[in-house]
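All values below come from the heavy atoms of this structure, side chains included, with hydrogens, waters and symmetry mates left out. Just so you know, ligand 1 is whichever comes first in the structure, and atom 1 is the first atom listed for that ligand.
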Amino acid sequence: MRSALFSVLGALLLAHDVTAQQSVVVPGFKNTKWVLKSEGGSNYACKCHPGDWCWPTSAQWQQLNASVGGNLHINIPPGAPCYNTFEGPLGTINTYDAAKCAEVTANWNSEQFQVELPTAGLWTYFTNDTCRPTTNPSDTCTLGYYPVMVIMAKTIDHIKAGVNFARTHNLRLIIRNTGHDFLGRSVGWGSLVINTHSFQNIKFHNKYTASCGYKGPAVTLGAGVQAFKVLEQAHALNPPKLMLTGECATVGVAGGLVQGGGHGPLTNFYGFLADTALEFKVITADGYLRTVNERAHPDLFWALRGGGPGAFAVIVEATFKLFDDKPSAGITLDINSAHTTNETLFWEAVRIFHSYSTHFVDNNIYVYYELGAGGLNLHVRPIVGIGKTLAELQAIVQPLFDDLNALGITYDTESHSFNTFYELYNNMFETEVAGNSALTGGWTLAREDVVANHTAVIEAFKKVVAAGSFMVGHMWSAGQNLPRSEWHKSAINPRFRHVVDKLITIVPIGGNAPLADKEEAQHRLTYVVDGALREASPNGCAYINEADPFQPNWQQAFWGTNYPRLQQIKKKYDPEGLFYTVSTPGTERWSQIETGTRLCYKL
Ligand SMILES: Cc1cc2nc3c(=O)[nH]c(=O)nc-3n(C[C@H](O)[C@H](O)[C@H](O)COP(=O)(O)OP(=O)(O)OC[C@H]3O[C@@H](n4cnc5c(N)ncnc54)[C@H](O)[C@@H]3O)c2cc1C
Ligand SMILES: *[C@@H]1O[C@H](CO)[C@@H](O)[C@H](O)[C@H]1NC(C)=O
Ligand SMILES: *[C@@H]1O[C@H](CO)[C@@H](O)[C@H](O)[C@H]1NC(C)=O
Ligand SMILES: *[C@@H]1O[C@H](CO)[C@@H](O)[C@H](O)[C@H]1NC(C)=O
Ligand SMILES: *[C@@H]1O[C@H](CO)[C@@H](O)[C@H](O)[C@H]1NC(C)=O
């Protein structure tokens with residue numbers, strides 16, 4: 001198979017050499033490698049994709065391969081071993097391999113399996129759901145929106161080489177770490193990927209002195225380190241330490257999580273992960289390695305803390321504050337069709353549960369819950385008290401149970417206590433699956449709106465579920481205990497300091513569904529589902545990492561008053577738009593035309 005790959009690459013790429021003399025001047029850009037297109041009455045200058053005159057020659061790819069130590073690969077979708085052939089943009093390749101097909105089929109829904117693949121998107125909608133594992137090898141396997149080429153970077157020089165190559169040839173560049181991105185930012189049609197997952201270094205510091213004045217425990221993480229790894233090692237310290245990560249153990253901490261902000265069970269105490277970041281090492285769009293902190297490139301430091309994933313630079317490593325772990329307790333609550341099939345009663349129970357959101361946040365309690373998955377289903381797992389005994393947590397939660405008892409509804413509940421939050425995290429949070437296809441959106445409820453009209457919030461929840469969506473809720477406030485003087489230090493929307501519930505909405509839809517169905521689902525998500533939540537909480541905001549890619553008024557929704565500064569920083573560090581990710585600062589004139597394929601700049 002390898003030699004077949006090689007000759008295909010050679011033949012197809014050499015074909016472009018003949019026309020490689022052209023150049024196109026686009027006002028505002030130094031680069032002259034563009035392809036001009038028009039669609040819907042607008043003109044566009046597009047990046048270079050396979051088949052274009054400016055797509056690199058085979059000799060140029062081989063040069064790149066040499067400079068990345070042979071770690072450049074033609075990307076083949078993970079399901080390809082189940083098909084006789086893969087029909088890629090670089091030609092047809094024989095791919096059938098029964099053993100590999102069995103492996104990918106068995107592991108399709110395993111997060112870690114997908115994480116370890118060079119380019120897979122865990123949320124398969126954004127791969128166009130192409131080439132899924134099948135039992136029918138004569139079906140067609142195409143690339144869909146999976147990238148074309150991938151560098152499995154092992155060193156800083158490999159990243160630099162990839163950045164310089166993509167900039168020089170005006171390619172669409174994607175930085176990929178674990179593939180968790182809910183908006184498909186770690187895959188992209190016609191692109192070159194730099195995969196940073198092999199940067200797995202972890203270094204603990206007892207007394208770290210940061211440029212911002214912080215002196216205390218910290219940890220430096222390579223870009224590829226996933227939450228479970230650092231949490232496990234921090235727990236083994238004496239005394240055990242914690243860092244702020246998301247509820248999901250497989251997310252990459254120093255990749256997309258910190259750049260989007262990063263909220264989790266510790267958010268009531270310390271804000272976002274971005275608020276705990278002390279320093280970054282990055283490769284900027286000019287190909288240089290830079291140390292970035294409150295003294296060196298303070299503007300970029302601020303932007304990397306919540307200003308948008310994959311939008312400003314490639315992160316090589318990042319340093320974060322560490323905290324003491326504490327005894328913790330957790331309680332669960334389940335109400336579903338086993339308890340009632342009476343919709344009125346069910347929604348009354350939901351109203352009661354949710355009316356405690358301000359009470360929970362006021363008491364520094366974090367709550368993770370799912371609503372509406374498979375019908376009348378409220379799954380609260382867990383309600384978390386960090387630094388609280390079970391008795392203390394029970395005292396806080398008891399009024400909720402008293403109200404549910406008075407309503408006359410039955411439910412299931414469990415209570416557990418642990419010596420550390422780490423143990424609670426491993427025992428009470430559920431593992432998630434990969435390989436599902438859906439559109440996600442979301443909105444965050446402002447405390448003032450929840451207090452002013454809670455009825456409107458519950459009416460909106462009903463509309464969300466009636467529209468075929470379900471929700472994941474996270475009760476916290478990023479301003480609960482973080483001192484006000486720290487709030488401006490990260491780029492997240494200042495509105496997150498005054499919220500009580502961050503919601504993700506999920507509309508299941510196949511990435512290979514007919515285009516009309518996809519459009520309908522997208523419209524429903526944006527305007528019916530999220531529209532209802534926005535209306536119920538006009539003072540709320542949206543979270544760039546768990547959001548609708550077509551969030552209306554996205555600049556304001558994601559960053560609020562911080563947006564203009566982010567836009568300027570983007571212009572300063574990435575003037576040619578090398579780092580494109582959807583709905584991030586400065587991307588106003590960029591879009592994927594021709595049904596979500598070519599990445600183009602509107603002229
Ligand atoms: C099951 C699940 C649970 C989640 N739970 C939470 C949660 O509790 N809290 C929370 O805040 N978020 C949560 N998220 C969202 C999560 O924050 C984002 O998906 C995040 O962007 C993942 O980052 P990654 O690097 O692991 O993923 P990737 O998909 O690999 O990358 C995500 C984005 O970051 C960019 N990126 C990755 N690595 C680098 C790098 N080295 N340099 C520059 N850019 C890079 C990519 O280009 C892409 O735009 C969850 C997501 C999932 C799927
Ligand atoms: C890059 O080089 C390695 C090692 O020589 C080789 O295995 C691989 O196929 C090459 N990649 C491409 C795209 O040619
Ligand atoms: C993506 O899927 C749609 C159907 O949903 C199809 O019309 C389109 O051709 C596909 N595009 C690619 C690049 O695979
Ligand atoms: C459903 O629950 C509501 C609220 O408790 C109650 O008023 C109503 O009678 C119930 N309906 C049925 C059919 O039991
Ligand atoms: C609360 O919201 C509901 C539903 O949107 C609305 O009908 C009602 O008038 C609102 N009440 C107040 C006090 O604003």
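By the 4.0 Å heavy-atom criterion, Gly510 is excluded from the residues contacting ligand 3. Within the structure, ligand 3 has Asn512 among the residues with a heavy atom less than 4.0 angstrom away.
Side-chain contact, Asp286 with Tyr288: no donor N or O sits under 3.5 Å from an acceptor N or O. Side chains of Tyr83 and Asn136: a donor-acceptor N/O pair is absent below 3.5 angstrom, by distance only. Counting only N and O atoms by type, the side chains of Thr142 and Glu87 include no donor and acceptor under 3.5 Å apart. Counting only N and O atoms by type, the side chains of Asp548 and Thr526 include a donor and acceptor under 3.5 Å apart. For Asn128 and Lys518, the side-chain atoms include at least one donor-acceptor pair closer than 3.5 Å.
An N or O contact shorter than 3.5 Å is missing between Met149 and ligand 2 by distance. Polar contact with ligand 2: present for Asn65 (N/O pair, distance under 3.5 Å). Geometrically, ligand 3 and Lys518 share a nitrogen or oxygen pair separated by less than 3.5 Å.
Nearest heavy atoms, Val433 versus Glu111: C-CG, 4.0 Å. Closest of all the heavy-atom pairs between Asn177 and His197 is O-CB, 3.3 Å.
Of the candidates Asp129, Asn128, Thr595, Thr597, the one placing a heavy atom closest to atom 8 (C) of ligand 3 is Asn128.
Shown here, atom 5 (O) of ligand 3 is in close reach of the protein: a heavy atom of it lies under 4.0 Å off. For atom 2 (O) of ligand 5, the nearest protein heavy atom lies closer than 4.0 Å.
Within ligand 3, counting atoms from 1 as listed, the ones closer than 4.0 Å to a heavy atom of Ala513 are 4 (C), 5 (O). Near Tyr145, with a cut-off below 4.0 Å to any heavy atom, the atoms of ligand 3 are 11 (N), 12 (C), 13 (C).
Under 4.0 Å from ligand 5, the heavy atoms of Asn453 that appear belong solely to its side chain.
Under the 2.5 Å SG-SG cutoff, Cys141 and Cys131 qualify as a close cysteine pair.
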